[in-house]
Each structure stands twice: as structure tokens, then as C-alpha cells.
Amino acid sequence: PPALPQHLQSKMSSRGSGRREDWKEYVDSEGKTYYYNVITKEVTWIKPRVLIGKGESQKGEWKEFTTAEGKVYYHNALTGE
């Protein structure tokens, strides 16, 4: 699978429209998964809605953590946020 081209990184989207079969899943050089629509050329770090299975959510990659000081924060392993 191709690595995420540098010029596409600024064109990332989170809409995830289209048909299920139009989307391909790839992994970039840092090991992060991204999705590419072969018809629309759309690229997104967030799993497109049409690929989300039953019981799964687009925000399912967010996990809650607590710092040593007791502050709660969230991290998305998919997007790195």
C-alpha cells in the first residue's frame, strides 16, 4: 500500500462519504492508519462512516487517561490527538 503522500496531509477530511467498497485502508510510515477513497480521492485519519461496523463508533479511538496530578485527559490513538 502507498504511504500517505506529503501533499495530501493538508487535504485530510473527516467526512467519510461514499460507498464501502470505494475506501481503502493504509498505514503511514509512522504506523498510523488512514483511509483513502479511490473515487473521490478523499483522505481521512478518521474511519469513514460507511466502514464503521455495528457497535463501533467513529470516536471509539478516544481513551480516557488521568495524570499523576489527577487531571483527566483524552487521547485518540487513531489521529494522535
Side-chain angles (χ1 to χ4, degrees):
L4 179 64
Q6 197 70 8
H7 71 281
L8 289 179
Q9 291 186 13
S10 62
K11 297 181 181 179
M12 297 298 283
S13 168
S14 63
R15 292 189 346 241
S17 59
R19 300 176 310 160
R20 183 176 195 69
E21 59 271 15
D22 295 341
W23 288 96
K24 304 296 177 199
E25 183 178 302
Y26 296 102
V27 177
D28 73 5
S29 60
E30 295 178 5
K32 290 201 248 178
T33 301
Y34 67 96
Y35 303 88
Y36 175 71
N37 185 305
V38 298
I39 303 300
T40 65
K41 311 298 185 221
E42 183 179 357
V43 180
T44 180
W45 293 111
I46 299 170
K47 193 172 193 175
R49 288 181 211 121
V50 297
L51 298 181
I52 296 174
K54 205 172 205 175
E56 189 179 4
S57 118
Q58 250 183 333
K59 297 183 179 183
E61 298 296 327
W62 289 95
K63 295 199 187 314
E64 183 178 299
F65 295 91
T66 306
T67 67
E69 296 80 27
K71 294 185 179 188
V72 175
Y73 68 97
Y74 299 88
H75 175 73
N76 187 315
L78 179 64
T79 65
E81 297 177 83

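Residues Tyr36 and Lys41 have side chains in contact (heavy-atom distance under 4.5 Å, counting atoms from C-beta outward). The shortest distance between side-chain heavy atoms of Val50 and Tyr35 does not fall below 4.5 Å. The shortest side-chain heavy-atom distance between Val27 and Lys32 does not fall under the 4.5 Å cut-off. Residues Val43 and Tyr26 fail the side-chain proximity criterion, which asks for heavy atoms closer than 4.5 Å.
The CD1 atom of Ile39 lies 11.0 Å from the CH2 atom of Trp23; values are rounded to the nearest 0.5 Å.
The side-chain hydrogen bond (donor to acceptor under 3.5 Å, both in side chains) check on Glu30 picks up nothing, with sequence neighbours excluded. Thr66 pairs by the side-chain contact (heavy atoms from CB on, under 4.5 Å) definition with Val72, not counting sequence neighbours.
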Derivation and outcome, salt bridge (charged side-chain N to carboxylate O under 4.0 Å, His left out), residues Glu21 and Arg19:
CA-CA 6 Å; Glu21 59 271 15; Arg19 300 176 310 160; 3.3 Å; yes
